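Residue numbering restarts at 1 for every chain, and letters A, B, ... go by the order of the sequence lines. As the structure is a prediction and not an experimental result, all values here were calculated from the model.
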2 protein chains.
Amino acid sequence: MTDIEKTLENKSVRPTAMRILIYKYMAEKEIAVALTDIENAFEKAERTTLYRTLKTFEEKGIVHQIDDGTNISKFALCEPGCNCELDQDLHLHFHCSNCDKTVCLTEHKIPHINLPTGYIAEDANLVIKGICDTCSQH
Amino acid sequence: MTDIEKTLENKSVRPTAMRILIYKYMAEKEIAVALTDIENAFEKAERTTLYRTLKTFEEKGIVHQIDDGTNISKFALCEPGCNCELDQDLHLHFHCSNCDKTVCLTEHKIPHINLPTGYIAEDANLVIKGICDTCSQH
DNA sequence: CATTAAATGCACTACAGTTGCATTCATAAT
DNA sequence: ATTATGAATGCAACTGTAGTGCATTTAATG
């Protein structure tokens, strides 16, 4: 049994062929991927299957959904120990306006914010937009 | 000439009847509004007109677009002195997961974030999700 | 009043997201 | 090994937001 299969089983997700492929695809990419990206990478696969796979992965804490301001939901694998289901891994995301890629900056947590009286924070999303390290070198 | 008309002219936007109505609508609402909200408020109006009005308002710095994580673009009037066109008014937004409303917390600016080497920040978007002051009282 | 550009109205297209249902597949029980 | 069961997948739609092209109307100007 491969590492990926073990990871999926640990998260109570049956390691089907399609799921393993999607996991592998996301692990190789270092950037957040949209449903459409996966669709293009696996043209033979059904969009619905990919969609539901991402949903399952998200529910089980295998990936986290990222809203990078493009109005297209992106997903990235959770780091080991990432408890994003519990909204306790509030790392920030960076969206490059040049290459349009979105990355997790897992080492950079969202600072604590004081809210006005009566407001109760449960989750936070911080996206920095600008030029990524690759694009800024050219 | 009313205050709204003056405001629009100051921003080089012709104060047509429809635009004044939309401005008034947004001024009365204290929360960010989606295109659909405006559509429902003015059923006789064309969606395209409303859409383009919002785009025009945004270009001219009358409103700013808010991405609150719902994947539906919302808009809110800019405060006097808000220079969001220049990405220099990085206040945060709060999205209530109970009543689904989004508000600007204009007094709360996004703190400065140190990025990894090579990353250049140009804009930032911080949305806190939770329970708003109205909902937390019930 | 005529000219001209801006604003609006209408009719589309594109695409992300989502759902219902039939079918296939894998697993466990007999 | 066979069957029963539920999960996973495939197929075919629908929904809603965003956006565009073009004709028409409206408003400002000379």
Undergrad: Measure the distance from CG on A/Leu54 to P on C/dG17 and round it to the nearest whole Å.
TA: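 So the two atoms are 10 Å apart, to the nearest Å.
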
Undergrad: Starting from the 5' end of DNA chain D, give me the residue, B/Glu39 or A/Thr49, whose nearest nucleotide shows up first.
TA: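 The 5'-side residue here is A/Thr49.
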
Undergrad: In this structure, how many angstroms lie between the P atom of C/dG9 and the NZ atom of B/Lys44, rounded?
TA: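 One finds 12 Å between P of C/dG9 and NZ of B/Lys44, rounded.
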
Undergrad: On DNA chain C, check which nucleotide each of B/Ala45 and A/Asn71 is closest to and give me the residue with the more 5' one.
TA: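 Between the two, 5'-proximity favours B/Ala45.
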
Undergrad: Identify the two heavy atoms, one from B/Phe94 and one from A/Ile120, that lie closest to each other, and give their separation to 0.1 Å.
TA: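 It is CZ-O, 3.7 Å.
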
Undergrad: Both B/Ile72 and A/Arg19 contact DNA chain D. Taking the nearest nucleotide for each, which residue is further toward the 5' end?
TA: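 Nearest nucleotide further toward 5': that of A/Arg19.
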
Undergrad: Begin from the C-alpha positions of A/Thr106 and A/Glu79 and carry the test side chain to side chain donor-acceptor pair (under 3.5 Å) through to its verdict.
TA: CA-CA 8 Å; A/Thr106 49; A/Glu79 301 281 314; 4.6 Å; no

Undergrad: Quick one: how far along DNA chain D does chain B reach, first to last nucleotide 5' to 3', anything under 4.0 Å to a heavy atom?
TA: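 First-to-last contact on DNA chain D, by the 4.0 Å heavy-atom rule, is D/dT17 to D/dC22.
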
Undergrad: Write down the distance between CD (B/Glu46) and P (C/dC12), rounded to a whole number of angstrom.
TA: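 Atom-to-atom, B/Glu46 to C/dC12, this comes out as 13 Å.
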
Undergrad: So what does B/Ser73 hit on the nucleic acid, given a heavy-atom distance under 4.0 Å: a base, only sugar-phosphate, or nothing?
TA: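 If one applies the 4.0 Å heavy-atom cut-off, B/Ser73 turns out to touch the sugar-phosphate alone, with no base involved.
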
Undergrad: What nucleic acid atoms does A/Lys55 come within less than 4.0 Å of, heavy atoms only: base, sugar-phosphate, or nothing?
TA: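 Result for A/Lys55 = sugar-phosphate.
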
Undergrad: Heavy atoms only: give me the nearest B/Lys60-B/Val13 pair and the separation to one decimal.
TA: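 Minimum heavy-atom contact is CG-CG2, 3.4 Å.
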
Undergrad: Could you pull out the protein-nucleic contacts involving nucleotides 20-28 of chain C (nitrogen or oxygen on both sides, under 3.5 Å)?
TA:
| unit_1 | atom_1 | unit_2 | atom_2 | d |
| --- | --- | --- | --- | --- |
| C/dG20 | O6 | A/Arg52 | NH2 | 2.9 |

Undergrad: Of all the heavy-atom pairs spanning B/Cys78 and B/Gly61, show the shortest one and how long it is.
TA: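 Looks like SG-O, 3.7 Å.
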
Undergrad: Would you mind reading off the distance between B/Arg47 atom CZ and C/dA11 atom C1', rounded to a whole angstrom?
TA: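 So the CZ-C1' distance, B/Arg47 to C/dA11, works out to 11 Å.
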
Undergrad: Could you say whether A/Ala34 or B/Thr53 is positioned toward the 5' end of DNA chain C, judged by the nucleotide with the nearest heavy atom to each?
TA: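 Its nearest nucleotide being more 5', the pick is B/Thr53.
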
Undergrad: Verify side-chain contact (heavy atoms from CB on, under 4.5 Å) between A/Thr49 and A/Met18, making sure each step is shown before the conclusion.
TA: CA-CA 9 Å; A/Thr49 304; A/Met18 196 69 242; 4.1 Å; yes

Undergrad: Counting the atoms with a prime plus P, OP1 and OP2 as sugar-phosphate, which does A/Thr36 contact under 4.0 Å by heavy atoms, base, sugar-phosphate, or nothing?
TA: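 If one applies the 4.0 Å heavy-atom cut-off, A/Thr36 turns out to touch the sugar-phosphate alone, with no base involved.
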
